[in-house]
There are 2 protein chains.
Amino acid sequence: MDKKTPRRTRREESLSKERIIEAAIDILDRSGESGLTFRALSDMLATGPGAIYWHIDNKDDLLTAACDAIVARTVQAGASGAAPRDAIRALALDLFDAMEAHPWAGAALIRAGGQLPVVRVLECLGRQVQALGVPPQAQWLTVSALLHFILGVGGQNAANMQRVCGDDVARGDLLDQVAAAWSRLSPADYPFARSMAGQLRIHDDRADFLAGVDLILNGIGVIAAQA
Amino acid sequence: MDKKTPRRTRREESLSKERIIEAAIDILDRSGESGLTFRALSDMLATGPGAIYWHIDNKDDLLTAACDAIVARTVQAGASGAAPRDAIRALALDLFDAMEAHPWAGAALIRAGGQLPVVRVLECLGRQVQALGVPPQAQWLTVSALLHFILGVGGQNAANMQRVCGDDVARGDLLDQVAAAWSRLSPADYPFARSMAGQLRIHDDRADFLAGVDLILNGIGVIAAQA
DNA sequence: ACCTGAACACCGTTCAAGT
DNA sequence: ACCTGAACACCGTTCAAGT
């Protein structure tokens, strides 16, 4: 990451919101959120920074729109006729993978609040929760729990990735550093955290994420059974 | 929010990391994350921006340290001899309240990764999960699920609060706007989101948060029972 | 050791001027 | 309608110089 952008594609077509978003995703994937600059963006699009403002309101809008493009592709690709529980697990995993491929998207999703990209996820989750037989008055609650969990994991992964990009350490090294820091904590004050340092070094983010989703799905099962 | 800082407290004591963090929290609470500037901070401390760098590495460090101060107070105040399940619920609620009182802290916590403020929460959760009888090989998983959920909710609340500060709308108005936007979605593509618009307007964030924690605790109960 | 504050290298955003 | 690019008002961070 943090590479320079060598190519300054000569412009053939005129500017459009779609072309701007596409270029923004390209920059974000290559250099992270700090690399997305109106100057870098206008440079890649062979125009001036002011031109972008004709198509986009501001940087937050741009980030949300880029995020929405990723989410739209993800939920659309995952559409299938699986059983509700499996469909939820598959959707969650697809989102996890998308946020790992585009680490900036996790942070952007969290910031996007009730806007379109989040609504897309909410809609998919909601349909499956209904199909699961959760009673209407508990649907909002279960969907928002799943949503919060998924976005929470995405946001934290995004933060970790950004730290990996910023410093010049690899992902495994970061985990080693954190694990080492936890081992150095006071045994009297942090017995549990110390005991988890080993697990941290060998754990599988993706498997833990899926296990977390299952935990919530188990909880939902309890609710559905009570109905 | 976004008020100016009228008082420029004359400096009696010399600078220290603690005094800087205290001032930073003050600014963050009053004007949000965008209001925390090295210039505003040094102004309030009656010094130059460079002086702060003698005590603090950079802005990220400052944010993490401010966040840690909030978390430390919160987990310390909540120490009690309650039953594990109640202790987890109480800790979660205390954190929710703290992140509502200091909206910037939610975003900062998510970005703090494996650092001290997060470890404090992890430690508290871990002890109670152990007391709950969750088998060792499932402890990491359950703790990190709770942690991700709690931080996810905090991060999203922080984002919402920031949006309320930025625009000149009240919190209730924001919810109304989002609900109205959801109602305007295509009935064919977003039936579930549309049906939730009403719930959104009358829902109770805090109650939903607690219900989410209970959902995970229910799921944990299933695991503990299987052991 | 600790503080000062000017200076550097940015950044998002605006806007008169062009086509 | 759409684009240009200079200009504005910032920002985090550094660093020679002071005490």
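Here is how names work: the chains are called A, B, and so on, in the same order as the sequence lines, proteins then strands, and each is numbered from 1. Just so we're clear, the structure is a prediction, and the values are computed from it rather than from any experiment.
I52(B) places its CD1 atom 21 Å from the P atom of dA1(C), with the value rounded to the nearest Å. Atom CD1 of I20(B) and atom C1' of dT13(D) are 15 Å apart (whole Å). The distance between atom CZ of F38(A) and atom C1' of dT13(C), rounded to the nearest whole Å, is 8 Å. At whole-Å resolution of the value, CG in D43(B) and P in dG12(D) are 13 Å apart. Rounded to an integer number of Å, the gap from Y53(B) OH to dC3(C) C1' is 15 Å. If you measure from atom NE2 of H55(B) to atom P of dT14(D), you get 16 Å, rounded to the nearest angstrom. Across the protein-nucleic acid pair, K17(A) atom NZ and dA1(D) atom P stand 18 Å apart, rounded to whole Å. Taking atom CG of D57(B) as the reference point, atom P of dG12(D) lies 16 Å away to the nearest angstrom.
The pair R111(A)-E33(B) does not meet the salt-bridge criterion, since no charged nitrogen lies less than 4.0 angstrom from a carboxylate oxygen. Under the 4.0 Å criterion applied to side-chain N and carboxylate O atoms, R30(A) and D26(A) are assigned as salt-bridge partners.
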Its dot-bracket string being built from Watson-Crick and G-U pairs below 3.5 Å, with | for another strand and [ ] for crossing, DNA chain D has the pattern ||.|||||...|||||.||
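Residues L62(A) and N58(A) fail the side-chain proximity criterion, which asks for heavy atoms closer than 4.5 Å. The closest side-chain heavy-atom distance from M161(A) to W104(A) is not below 4.5 Å.
Taking each heavy atom of L93(A) and R206(A) in turn, the nearest pair found is CD1-NH2, 3.7 Å.
Along DNA chain C, the nucleotide closest to D60(A) and the one closest to G50(B) are compared, and the more 5′ of them pairs with G50(B).
Counting only distance, with no hydrogens or angles, the side chain of E123(B) and the backbone of F192(A) share a donor-acceptor pair below 3.5 Å.
Here dG12(D) is the nucleotide among dG12(C), dG12(D), dA6(C) with the atom lying nearest to any side-chain atom of R39(B). The nucleotide whose nearest atom lies closest to any side-chain atom of S14(B) is, among dG12(D), dC3(C), dT13(C), dC3(C). Distance from the side chain of W54(A) is smallest for dC3(D) among the nucleotides dC3(D), dT13(C), dG12(D).
Not counting sequence neighbours, the partners of F149(A) by the ring-ring contact (aromatic ring centres under 6.0 Å, His included) test are F209(A).
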